[in-house]
Amino acid sequence: MKKGCLFDLDGTLVDSLTDLALSTNRVLELHHLPTHELSCYNQFVGNGVKKLMERALGSEHLDILDECLADFHKIYEEHCLDHTLPYPGIVDLLETLKAHDIALAVVTNKPHHLAIKIVEHLFPDTFVTILGQQDLYPIKPHPQIVHIALMTLKKGRQECYFIGDSNVDIDTGYQADMETIGVTWGFRGRKELEDAGADFVVDEPFEIGEIVLNDRS
Ligand SMILES: O=C(O)COP(=O)(O)O
(Lines give C-alpha, C1' and ligand atoms only; values in the text may rest on other atoms or scores of the structure.)
Protein backbone atom coordinates (compact mmCIF):
# COMPACT_ATOMS: atom_id res chain seq x y z
CA MET A 1 0.00 0.00 0.00
CA LYS A 2 1.15 3.54 -0.67
CA LYS A 3 2.09 5.54 2.39
CA GLY A 4 1.86 9.13 1.24
CA CYS A 5 0.10 11.58 -1.08
CA LEU A 6 1.50 14.80 -2.49
CA PHE A 7 -1.30 17.14 -3.55
CA ASP A 8 -1.31 20.12 -5.86
CA LEU A 9 -3.35 22.99 -4.35
CA ASP A 10 -5.13 25.22 -6.91
CA GLY A 11 -7.65 23.21 -8.93
CA THR A 12 -7.03 20.05 -6.90
CA LEU A 13 -7.74 20.67 -3.22
CA VAL A 14 -9.32 24.12 -3.55
CA ASP A 15 -11.32 26.04 -6.09
CA SER A 16 -9.35 29.29 -6.00
CA LEU A 17 -10.15 30.48 -9.51
CA THR A 18 -12.50 33.33 -8.57
CA ASP A 19 -10.08 34.93 -6.10
CA LEU A 20 -7.14 34.56 -8.50
CA ALA A 21 -9.17 35.97 -11.41
CA LEU A 22 -10.70 38.89 -9.47
CA SER A 23 -7.32 39.87 -8.01
CA THR A 24 -5.62 39.73 -11.41
CA ASN A 25 -8.44 41.67 -13.06
CA ARG A 26 -8.17 44.31 -10.31
CA VAL A 27 -4.49 44.75 -11.18
CA LEU A 28 -5.36 45.11 -14.86
CA GLU A 29 -8.00 47.73 -14.00
CA LEU A 30 -5.48 49.68 -11.90
CA HIS A 31 -3.31 49.89 -15.01
CA HIS A 32 -6.27 50.76 -17.28
CA LEU A 33 -5.99 47.49 -19.19
CA PRO A 34 -8.87 45.26 -20.32
CA THR A 35 -9.85 42.45 -17.94
CA HIS A 36 -10.47 38.77 -18.79
CA GLU A 37 -13.49 36.49 -18.35
CA LEU A 38 -13.27 34.15 -15.38
CA SER A 39 -13.11 31.14 -17.73
CA CYS A 40 -9.83 32.39 -19.30
CA TYR A 41 -8.11 31.96 -15.97
CA ASN A 42 -8.44 28.17 -16.18
CA GLN A 43 -5.59 28.31 -18.67
CA PHE A 44 -3.66 31.18 -17.02
CA VAL A 45 -3.14 29.45 -13.63
CA GLY A 46 -0.71 26.61 -12.97
CA ASN A 47 2.81 27.85 -13.66
CA GLY A 48 3.09 30.30 -10.77
CA VAL A 49 2.10 33.91 -10.23
CA LYS A 50 4.65 35.41 -12.63
CA LYS A 51 3.33 33.33 -15.53
CA LEU A 52 -0.27 34.11 -14.52
CA MET A 53 0.44 37.84 -14.72
CA GLU A 54 2.38 37.49 -17.98
CA ARG A 55 -0.54 35.64 -19.55
CA ALA A 56 -3.07 38.16 -18.24
CA LEU A 57 -1.01 41.12 -19.47
CA GLY A 58 -0.25 39.69 -22.89
CA SER A 59 3.05 40.14 -24.71
CA GLU A 60 2.46 43.84 -25.47
CA HIS A 61 2.37 44.94 -21.80
CA LEU A 62 5.24 42.97 -20.28
CA ASP A 63 7.14 46.20 -19.59
CA ILE A 64 4.92 46.74 -16.52
CA LEU A 65 5.16 43.13 -15.29
CA ASP A 66 7.16 43.85 -12.12
CA GLU A 67 4.81 46.62 -11.04
CA CYS A 68 1.78 44.44 -11.72
CA LEU A 69 3.28 41.54 -9.78
CA ALA A 70 3.82 43.78 -6.76
CA ASP A 71 0.20 44.98 -7.00
CA PHE A 72 -1.04 41.40 -7.37
CA HIS A 73 0.79 40.20 -4.28
CA LYS A 74 -0.77 42.98 -2.19
CA ILE A 75 -4.31 42.47 -3.51
CA TYR A 76 -4.33 38.67 -3.60
CA GLU A 77 -2.84 38.36 -0.12
CA GLU A 78 -5.86 40.26 1.19
CA HIS A 79 -8.44 38.42 -0.94
CA CYS A 80 -7.09 34.88 -1.27
CA LEU A 81 -9.77 33.49 1.06
CA ASP A 82 -12.78 35.52 -0.12
CA HIS A 83 -14.28 32.76 -2.29
CA THR A 84 -11.70 29.98 -2.11
CA LEU A 85 -13.05 26.72 -0.70
CA PRO A 86 -12.21 23.02 -0.78
CA TYR A 87 -13.90 21.11 -3.63
CA PRO A 88 -16.82 18.93 -2.43
CA GLY A 89 -15.55 15.63 -1.06
CA ILE A 90 -11.99 16.81 -0.42
CA VAL A 91 -12.27 17.20 3.36
CA ASP A 92 -13.77 13.67 3.65
CA LEU A 93 -11.01 12.28 1.45
CA LEU A 94 -8.26 13.87 3.53
CA GLU A 95 -9.84 12.60 6.75
CA THR A 96 -10.04 9.06 5.31
CA LEU A 97 -6.41 9.14 4.21
CA LYS A 98 -5.26 10.49 7.57
CA ALA A 99 -7.27 7.83 9.41
CA HIS A 100 -5.26 5.24 7.44
CA ASP A 101 -1.94 6.88 8.36
CA ILE A 102 -1.28 8.16 4.85
CA ALA A 103 1.18 11.06 5.15
CA LEU A 104 -0.06 14.16 3.32
CA ALA A 105 1.79 17.06 1.68
CA VAL A 106 0.86 20.07 -0.46
CA VAL A 107 3.21 20.90 -3.34
CA THR A 108 2.10 24.01 -5.21
CA ASN A 109 3.38 26.78 -7.47
CA LYS A 110 1.42 29.31 -5.41
CA PRO A 111 3.68 31.65 -3.37
CA HIS A 112 4.82 29.77 -0.28
CA HIS A 113 3.41 32.08 2.40
CA LEU A 114 0.01 32.23 0.70
CA ALA A 115 -0.11 28.46 0.28
CA ILE A 116 0.48 28.15 4.02
CA LYS A 117 -2.16 30.79 4.81
CA ILE A 118 -4.84 29.09 2.68
CA VAL A 119 -4.06 25.49 3.62
CA GLU A 120 -3.78 26.15 7.36
CA HIS A 121 -7.07 28.04 7.27
CA LEU A 122 -9.06 25.49 5.25
CA PHE A 123 -7.36 22.27 6.39
CA PRO A 124 -5.92 22.81 9.88
CA ASP A 125 -3.60 20.06 11.21
CA THR A 126 -3.94 17.98 8.05
CA PHE A 127 -0.64 18.18 6.16
CA VAL A 128 2.84 17.21 7.34
CA THR A 129 4.33 19.82 5.02
CA ILE A 130 3.14 22.62 2.72
CA LEU A 131 5.58 23.72 0.04
CA GLY A 132 4.92 26.61 -2.31
CA GLN A 133 6.94 28.76 -4.69
CA GLN A 134 9.99 30.36 -3.06
CA ASP A 135 13.47 31.30 -4.22
CA LEU A 136 15.06 28.18 -2.66
CA TYR A 137 14.05 25.83 -5.51
CA PRO A 138 12.51 25.93 -9.02
CA ILE A 139 8.74 25.72 -9.52
CA LYS A 140 6.95 22.58 -10.78
CA PRO A 141 7.35 20.68 -13.07
CA HIS A 142 10.96 20.67 -11.80
CA PRO A 143 11.02 17.74 -9.35
CA GLN A 144 13.22 19.33 -6.66
CA ILE A 145 10.22 20.56 -4.66
CA VAL A 146 8.93 16.96 -4.66
CA HIS A 147 12.22 15.62 -3.35
CA ILE A 148 12.04 18.11 -0.47
CA ALA A 149 8.45 17.09 0.31
CA LEU A 150 9.34 13.37 0.27
CA MET A 151 12.30 13.96 2.57
CA THR A 152 10.05 15.79 5.02
CA LEU A 153 7.46 12.99 4.87
CA LYS A 154 10.32 10.47 5.23
CA LYS A 155 8.89 8.47 2.31
CA GLY A 156 10.36 7.13 -0.89
CA ARG A 157 9.04 8.30 -4.26
CA GLN A 158 7.54 4.87 -5.01
CA GLU A 159 5.62 4.97 -1.72
CA CYS A 160 3.63 8.08 -2.69
CA TYR A 161 1.29 9.39 -5.37
CA PHE A 162 1.50 12.85 -6.94
CA ILE A 163 -2.03 14.20 -7.42
CA GLY A 164 -3.01 17.22 -9.48
CA ASP A 165 -5.32 18.79 -12.05
CA SER A 166 -2.91 19.88 -14.80
CA ASN A 167 -0.19 18.67 -17.14
CA VAL A 168 2.29 20.54 -14.92
CA ASP A 169 1.37 18.22 -12.04
CA ILE A 170 1.50 15.02 -14.08
CA ASP A 171 4.84 16.09 -15.53
CA THR A 172 6.13 16.87 -12.02
CA GLY A 173 5.20 13.39 -10.81
CA TYR A 174 6.72 11.83 -13.93
CA GLN A 175 9.98 13.75 -13.51
CA ALA A 176 10.11 12.68 -9.86
CA ASP A 177 9.51 9.03 -10.91
CA MET A 178 6.23 8.78 -9.00
CA GLU A 179 2.83 7.38 -9.89
CA THR A 180 0.36 10.14 -10.73
CA ILE A 181 -3.37 10.71 -10.30
CA GLY A 182 -5.05 13.39 -12.41
CA VAL A 183 -8.28 15.00 -11.15
CA THR A 184 -10.91 16.23 -13.60
CA TRP A 185 -12.77 18.67 -11.31
CA GLY A 186 -10.03 21.30 -11.50
CA PHE A 187 -8.99 23.88 -14.08
CA ARG A 188 -7.99 21.68 -17.04
CA GLY A 189 -9.96 18.46 -17.45
CA ARG A 190 -9.51 14.85 -18.50
CA LYS A 191 -7.94 15.23 -21.96
CA GLU A 192 -4.98 17.26 -20.77
CA LEU A 193 -4.35 14.75 -17.96
CA GLU A 194 -4.58 11.72 -20.25
CA ASP A 195 -2.38 13.37 -22.87
CA ALA A 196 0.18 14.11 -20.14
CA GLY A 197 0.26 10.39 -19.28
CA ALA A 198 -1.43 10.30 -15.85
CA ASP A 199 -1.44 6.79 -14.36
CA PHE A 200 -5.01 7.32 -13.12
CA VAL A 201 -7.62 9.97 -13.92
CA VAL A 202 -10.50 10.43 -11.46
CA ASP A 203 -13.75 12.40 -11.46
CA GLU A 204 -14.50 12.31 -7.71
CA PRO A 205 -12.26 12.76 -4.65
CA PHE A 206 -13.34 9.45 -3.01
CA GLU A 207 -11.78 7.59 -5.97
CA ILE A 208 -8.37 8.80 -4.79
CA GLY A 209 -9.01 7.06 -1.47
CA GLU A 210 -9.90 3.85 -3.30
CA ILE A 211 -6.73 3.95 -5.41
CA VAL A 212 -4.43 4.76 -2.50
CA LEU A 213 -5.92 2.34 0.02
CA ASN A 214 -6.21 -0.55 -2.48
CA ASP A 215 -2.68 -0.12 -3.79
CA ARG A 216 -0.84 -3.44 -3.63
CA SER A 217 2.55 -2.32 -4.91
O1 LIG B 1 -0.16 29.56 -8.72
C2 LIG B 1 -0.26 28.63 -9.54
O3 LIG B 1 0.28 28.65 -10.62
C4 LIG B 1 -1.10 27.43 -9.22
O5 LIG B 1 -0.58 26.66 -8.27
P6 LIG B 1 -0.82 25.07 -8.22
O7 LIG B 1 0.56 24.52 -8.40
O8 LIG B 1 -1.39 24.85 -6.83
O9 LIG B 1 -1.78 24.66 -9.29
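Every number for a ligand or one of its atoms is a count from 1 in the order of the listing.
Between E78 and K74, no side-chain nitrogen of the basic residue sits less than 4.0 Å from a carboxylate oxygen of the acidic one, so the salt-bridge criterion is not met. Electrostatic pairing of K191 and E194 does not count as a salt bridge here, judged by no charged N lying under 4.0 Å from a carboxylate O. With salt bridges taken as basic N to acidic carboxylate O contacts below 4.0 Å, none links R26 and D71.
Taking distance alone, with nitrogen or oxygen atoms compared against 3.5 Å, D169 stays at or beyond that limit from ligand 1. The shortest N or O to N or O distance between G48 and ligand 1 is below 3.5 Å. Residue contacts with ligand 1: L9 is placed with a nitrogen or oxygen under 3.5 Å of a nitrogen or oxygen of the ligand (distance criterion only). By the 3.5 Å distance cut-off applied to N or O atoms, G46 is counted among the residues near ligand 1.
Interface atoms of ligand 1 facing V45, defined by a heavy-atom separation under 4.0 Å, are 2 (C), 4 (C). Near K110, with a cut-off below 4.0 Å to any heavy atom, the atoms of ligand 1 are 1 (O), 5 (O).
Residue contacts with ligand 1, taken as heavy atom pairs separated by less than 4.0 Å, involve N47 solely via the backbone atoms N, CA, C and O. Residue K140 touches ligand 1 through its side chain alone, judged by heavy-atom distances below 4.0 Å.
The protein heavy-atom contact nearest to atom 9 (O) of ligand 1 is D8 OD1, 2.8 Å. With respect to atom 4 (C) of ligand 1, the closest heavy atom belonging to the protein is D10 OD2, 3.1 Å. Among protein heavy atoms, the minimum distance from atom 8 (O) of ligand 1 is reached at T108 OG1, 2.6 Å.
Checking I130, L104, V14 one by one against F123, the side-chain contact (heavy atoms from CB on, under 4.5 Å) holds for a single residue, V14. Residue K110 forms a salt bridge (charged side-chain N to carboxylate O under 4.0 Å, His left out) with just one option from D19, D8, D10, and that option is D10.
For the residue pair D169 / T172, no side-chain donor-acceptor distance below 3.5 Å is found, with atom types taken as modelled.
Residue contact check for ligand 1: L52 places no non-hydrogen atom closer than 4.0 Å to it. The shortest separation from a heavy atom of G11 to ligand 1 is not under 4.0 Å, leaving the residue out of contact.
Within a 6.0 Å radius of CD in E37, no more than 12 heavy atoms belonging to other residues, nucleotides or ligands are found.
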### Query
Can you list the steps and then say if N25 with Y41 is a side-chain hydrogen bond (donor to acceptor under 3.5 Å, both in side chains)?
CA-CA 10 Å; N25 277 345; Y41 284 92; 2.7 Å; yes
#### Entry: Working for salt bridge (Lys or Arg N to Asp or Glu O under 4.0 Å), residues E95 and K98
CA-CA 5 Å; E95 278 172 8; K98 260 190 92 173; over 6 Å; no
